[in-house]
Amino acid sequence: MSATVNADSARWRASHPRAFPTARSRAIRIAAIAAFAAWFLWALWLFDITPARLWRGIVGDTGCSRSSR
Amino acid sequence: VSAVAGNAFASPAIERGEAAFRAHRRERLRITLLGTAIFVALLLVAAWASEVKPASVANGMPRVGEYFSRILPDLRWATLFRDWETEGSLASWFYRADKWALLLLETANMAAMATAAGGAVALPLCFFASRNVARSTWSYQLVRRGLEAMRTVPRIVYALILVWAFGIGPLAGIIAIALHTTGALGKLFAEVVENADLKAWEGVRAAGGTWAQGARFAILPQVAPNFLSYLLLRFEVNVRGASVIGFVGAGGIGQELYLVIAQNYYEEISAIVLMIVGVVVLIDLLSDRLRKRIVGEARA
């Protein structure tokens, strides 16, 4: 079964090379996703965004809402 | 036409046609004049209701000019390129450029975070808000109205509420912009999905694919370039929004701008505004090029 699928896949790859991603395009995509993830984590750290802080804001245990109680 | 009318060979049919044409023109003129009169009347009523008086505008205009002349720096050619301690130099005008550049970077980051967060929420919601692929009329109405509500409230109002909840700083600004972005992008994404070709969708569904698989494998590949284009467009809008939202304490360069305006540091106002304009123009140009490239590649 697996051998048949692999043979089919190889045949399709040979006949329609542009329909399948090349190793280079796959590497570029992975690098872009990694760069985005790195930037996103850095921005979370930069703005001090943590689940605890978000939760405190939602339940009103931070900022002006805390001092007004 | 009048030459034909004056012609001895003019037939009654031509005369009737001319008369009808003149009557049509008179009617159009009458409608145009009536429309203009109604528009002017409404404009006057609106001006009266909002207390716009020509005298106040005339009195205020010179003061606007005076303010602009105050915020302009006193640059002198002889000392233009000297160090920051020399009065009249460019360096003394932008003496805190390093701090402002960091704040502008923070503003751009706030906009990018808010765009990413808003886009991430809008992406699944748009499929529920598209008439052609919505799961049910109820979910369609609920999500559509929800998105409308999200984008109806101005960002600055969200920011005021969120500063109260999360405290002064960029987090409140990011969430405020993200909420508005979700509403705006959700609607735009849904309209793209409504214009998608449903043949692939029907194929996936007929082959036993679930609703989510249909959205992922039949619709998303078709609409992804347009989604990305709208995301970049929204990023441009959010950079401008993030520059202003700091006025209510939500971080970024807007907070610094509010401080220098409040403390009447006139030359710093013009320096910051110039830097904001420069960054916004730069981001607009880059994003525009990127958007054209993405859409161009998708069409190719």
Side-chain angles (χ1 to χ4, degrees), chain A, chain B residues 101-121 123 158-179 217 221 224-225 228 231-232 235 238-239 242 245-246 248-253 255 290 293-294 297-298 300:
Chain A
M1 174 79 180
S2 176
T4 315
V5 170
N6 284 342
D8 277 353
S9 175
R11 205 171 59 242
W12 281 108
R13 273 179 190 278
S15 57
H16 299 88
R18 288 185 64 197
F20 294 89
T22 59
R24 187 170 171 268
S25 70
R26 207 176 290 137
I28 289 171
R29 180 177 289 188
I30 290 167
I33 292 169
F36 177 80
W39 164 78
F40 197 79
L41 289 173
W42 172 74
L44 287 176
W45 168 81
L46 181 76
F47 296 128
D48 190 24
I49 302 174
T50 58
R53 197 174 163 210
L54 287 171
W55 179 247
R56 283 204 307 274
I58 292 164
V59 298
D61 195 27
T62 186
C64 308
S65 56
R66 189 179 190 183
S67 55
S68 69
R69 282 196 299 184
Chain B
L102 280 175
L103 283 171
L104 275 167
L105 185 68
E106 182 183 289
T107 307
N109 263 315
M110 279 170 65
M113 283 283 281
T115 312
V121 179
L123 182 65
Y158 277 133
L160 274 168
I161 298 165
L162 292 165
V163 161
W164 187 81
F166 290 97
I168 289 171
L171 177 61
I174 291 168
I175 301 175
I177 301 171
L179 282 171
F217 296 109
L228 213 54
L231 211 60
L232 285 168
F235 173 58
N238 285 348
V239 171
I245 216 159
V248 293
I253 192 77
Q255 209 164 318
L290 199 58
R293 201 172 152 187
I294 289 165
E297 273 178 12

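Each chain gets a letter, A, B and so on, in the order the sequences are listed, and its residues count up from 1. Remember, it's a predicted structure, so these values are computed and weren't measured experimentally.
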Where along residues 29-43 of chain A does a heavy atom come under 4.5 Å of chain B, listed by residue number?
->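 Those residues of residues 29-43 of chain A which have a heavy atom under 4.5 Å from chain B are A/F36, A/W39, A/F40, A/W42, A/A43.
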
Name every donor-acceptor pair, under 3.5 Å, that has one atom in a side chain of residues 112-120 of chain B and the other anywhere in the protein, sequence neighbours excluded.
from	atom 1	to	atom 2	distance (Å)
B/T115	OG1	B/A111	O	2.5
B/T115	OG1	B/N238	ND2	3.0

Just jot down the side chain to side chain donor-acceptor pair (under 3.5 Å) partners of A/T22, sequence neighbours excluded, or say none.
->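 Checked A/T22 against side chain to side chain donor-acceptor pair (under 3.5 Å); matches are A/S25.
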
Residue list, side chain to side chain donor-acceptor pair (under 3.5 Å) with A/R24, at least two apart or on another chain =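 So A/R24 forms no side chain to side chain donor-acceptor pair (under 3.5 Å) with any residue.
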
Which atom names give the shortest non-hydrogen contact between B/F166 and A/L54, and what distance separates them?
->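 What the structure gives for the nearest pair is CE2-O, 3.4 Å.
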
With a 4.5 angstrom heavy-atom cut-off, could you sort out which part of B/L162 is near chain A: side chain, backbone, both or neither?
->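 For B/L162, neither part sits under 4.5 Å from chain A.
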
Interface moiety of A/L44 toward chain B, non-hydrogen atoms closer than 4.5 Å =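 For A/L44, backbone and side chain are both near chain B.
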
